[in-house]
Amino acid sequence: SEVDDRLVAFLKSGIYQLDNANAFFIDPVRVLNRCYTRFRVSPSTYYSRFFPTLNNSSAENPQNASKISRKRKRRDKEKKKDQALNLREQMADRRHKEVRLALLEAHEALLGANQLLETLRNLRNDGEKNNGGSISQESELDFVELGSVWQAPLYEIILKVHEDDTAVENAGVESYSRRVAPVFDNLVANDGNSDIEAELLDHKYILPKQSCFYMSDLRQIHTLVPAESDCGFNVIVIDPPWENSSAHQKLKYQTLPNRYFLSLPIKQLTHSAGALVALWVTNREKLRNFVENELFPKWGVKHAATFYWLKVKADGVLISELDLFHHRPYECLLLGFSQGKEMNCEQLLRLNSIPDNQVFVSVPGDYSRKPPIGELLLEYAPGLKPARCIELFSREMMAGWTSWGNEPLHFQDSRYFLES
Ligand code: SAM
């Protein structure tokens, strides 16, 4: 049947188009796995949260019950506060009300997709049981710290490049050559058609096929600007380290004041045929105002549509109540176009046809890790195919993409992978 076909397609692609809604469900593990041949993303290390185990469900755990009652108190407090919203809160509330229906439709569509819901519960242990589990050491390298010491320019990454892409195996021994490259302030590429292993200070990393990374501080980002604009990018995804009050975030990565992002060289990174710019933002009204009134104008980006990432737990339930003011179960991806040097007005107009309020639903992975939506953006990319794509402030790599940030190898650590 048609329903079965869609599920089969989802099990391959990781993307499921939901009925009667402008929405998709995404399994990031399956989407990412299409970048790999020798390795697989480990579902249990990806899905580190929101998969309840027996001993932390609220029914059995009094600690959780008290958490819930604390939540209720907070909600009551928020209700009272609701009655006296200040102007900024009113604007945020209006934004929320505008998208609320699209989000509800998406969620209802998910709850109605019975076959998909059944697979949801198993996303975390898909195929992992038959496997030895994750293949490497516990500790991860702190790239920010490593990149800030005087020896940083001396650190080298060793790529195990396969002699030919058909993975020659001579009597069970794979043949590869070692390629050595500085790991910081240097474009490191795996141009091959399969994923490869790399080593840095006794740590192992898996690099997807046809991908590259540039690991540096923001101060060096200008090195990425291409000499010719036809070597620029057609898709630019940006997930800035916005400041916010979350103590948890402070432990996870450094944040930067908004003014630093004004100087990102978006125009210079834009391909002569133009670029689709996709910016992750939080729900803080002050930030939305900054982006709309200062950041996009400064970058020369014209807003075209807004997409939403709706977060659910493994049972399909939203991770928090939809209308909870300070804990929305969704995040926004603002989409706009950056005009290329060779574009005329007609071309710019033709670009403006991204459906607004598209929703993608997924079970979140690690703190602040965004689902891999790059592929869903490709159809809106201006210029010739294949589009040239870059992600700024990235913590992982994807086939066909350049990843820049001060820790683009973070989720490439072999502890996040299984051997195929
Ligand atoms: N999109 C990522 C993901 O899905 O995992 C999350 C990106 S996180 C919001 C922001 C990233 O910016 C962090 O990796 C952080 O270390 C990095 N960052 C913070 N300050 C930076 C700087 N001065 N230069 C380069 N990267 C920086």
Side-chain angles (χ1 to χ4, degrees), residues 9-15 24 26-43 45-46 126-127 157 159-167 174 176 179 181 183 186-198 204-215 224 226 231-239 269 271 275-276 278 333 360 362 365 369-381 383-405 407-420:
F10 165 73
L11 293 176
K12 269 204 192 124
S13 69
I15 299 176
F24 297 88
I26 296 179
D27 171 19
V29 173
R30 287 192 160 81
V31 173
L32 290 172
N33 271 338
R34 283 190 280 148
C35 306
Y36 301 93
T37 49
R38 296 188 170 86
F39 295 88
R40 286 186 301 127
V41 175
S42 147
T45 49
Y46 188 94
D126 270 350
I157 188 163
L159 310 185
K160 298 182 178 177
V161 182
H162 289 265
E163 301 289 322
D164 88 46
D165 271 333
T166 49
E174 282 189 68
Y176 58 82
R179 219 178 71 212
V183 74
N186 181 34
L187 193 67
V188 181
N190 170 20
D191 298 318
N193 280 321
S194 54
D195 42 351
I196 59 172
E197 284 172 66
K204 203 154 122 193
Y205 298 89
I206 313 298
L207 310 188
K209 60 185 175 188
Q210 291 168 347
S211 66
C212 57
F213 73 86
Y214 191 98
M215 183 149 59
L224 276 177
C231 298
F233 297 93
N234 305 109
V235 180
I236 305 174
V237 172
I238 314 161
D239 185 15
L269 289 170
H271 192 275
L276 171 70
L333 184 68
F360 31 86
S362 78
R369 189 173 187 181
K370 307 300 189 294
I373 39 76
E375 197 190 305
L376 295 175
L377 300 179
L378 287 184
E379 58 179 301
Y380 313 111
L384 299 173
K385 309 283 165 226
R388 291 175 43 81
C389 308
I390 189 168
E391 185 174 342
L392 305 182
F393 300 104
S394 174
R395 288 191 298 185
E396 69 189 338
M397 299 170 71
M398 296 234 289
W401 287 68
T402 299
S403 299
W404 170 82
E407 49 172 0
L409 286 180
H410 182 89
F411 290 120
Q412 302 308 129
D413 189 302
S414 61
R415 70 174 289 263
Y416 296 102
F417 291 87
L418 301 167
E419 236 147 337
S420 245

Exercise for review: Flag the pair Leu392 / Ile236 as yes when at least one side-chain heavy-atom distance between them is below 4.5 Å, and no otherwise.
Suggested key: yes
Check: Is Asn33 reaching over with its side chain to a backbone N or O of Arg40, donor-acceptor style, under 3.5 angstrom?
Finding: no
Residues passing the side chain to side chain donor-acceptor pair (under 3.5 Å) test with Lys160, sequence neighbours excluded, are Glu199
* Does the side chain of Thr402 come within less than 4.5 Å of Leu187's, by heavy atoms? -> yes
Under the side-chain contact (heavy atoms from CB on, under 4.5 Å) rule, what do Phe411 and Met397 come out as? Steps first, then yes or no, please. CA-CA 8 Å; Phe411 290 120; Met397 299 170 71; over 6 Å; no
| Does the side-chain contact (heavy atoms from CB on, under 4.5 Å) test come out yes or no for Trp404 and Ile238, once each step is laid out? | CA-CA 10 Å; Trp404 170 82; Ile238 314 161; over 6 Å; no
Next on the checklist: In the structure I gave you, are the side-chain heavy atoms of Ser13 and Arg34 within less than 4.5 Å of one another anywhere?
Outcome noted: yes
Keeping Arg179 on the side-chain end and Leu159 on the backbone end, is there a donor-acceptor pair under 3.5 Å? no
| query | Is a donor on one side and an acceptor on the other found under 3.5 Å between the side chain of Asp195 and the backbone of Phe39? | reply | yes
I'd like to know if the side chain of Arg395 reaches the main chain of Glu407, judged simply by a donor and an acceptor atom lying under 3.5 Å from each other, with no hydrogens or angles considered. no
- Message: Any heavy-atom pair between the side chains of His162 and Arg38 that's under 4.5 Å?
- Response: yes
Asn234 and Leu384 have their tightest heavy-atom pair at OD1-O, 4.5 Å
Are the side chains of Asn186 and Ile157 in touch, meaning some heavy atoms are under 4.5 Å apart? no
Between Val183 and Phe213 the two heavy atoms that sit nearest each other are O-CE1, 3.7 Å
Margin query: For Leu378 and Cys389: C-alpha separation, side-chain torsions, deciding distance, then whether side-chain contact (heavy atoms from CB on, under 4.5 Å) applies.
Written below: CA-CA 9 Å; Leu378 287 184; Cys389 308; 3.6 Å; yes
Close side-chain approach of Asp413 to Tyr205, heavy-atom, < 4.5 Å:
yes
Interatomic distance, CD@Gln210 vs OG@Ser194, rounded to 0.5 Å, equals 9.5 Å
salt_bridge(Glu396, Arg369) N-O dist < 4.0 Å: yes
Side chain Glu197, main chain Lys204, donor-acceptor under 3.5 Å:
no
Q: Classify the side-chain pair Thr45/Arg415 by whether it contains a donor and acceptor separated by less than 3.5 Å.
A: no
Sequence neighbours excluded, the answer for side chain to side chain donor-acceptor pair (under 3.5 Å) partners of Asn190 is none
Taken in chain and number order and not counting sequence neighbours, the residues that satisfy side chain to side chain donor-acceptor pair (under 3.5 Å) with Arg388 are none
Go through the steps to decide whether Ile15 and Glu375 satisfy the test side-chain contact (heavy atoms from CB on, under 4.5 Å), and finish with yes or no. CA-CA 10 Å; Ile15 299 176; Glu375 197 190 305; 4.0 Å; yes
Review point. Has the side chain of Arg30 got a donor or acceptor atom that lies under 3.5 Å from a matching backbone atom of Leu11?
Key: yes
Worksheet item: Going by heavy atoms in the side chains, are Lys370 and Pro28 under 4.5 Å from each other?
Response: no
message: Is any side-chain heavy atom of Tyr416 closer than 4.5 Å to one of Val41?
response: no
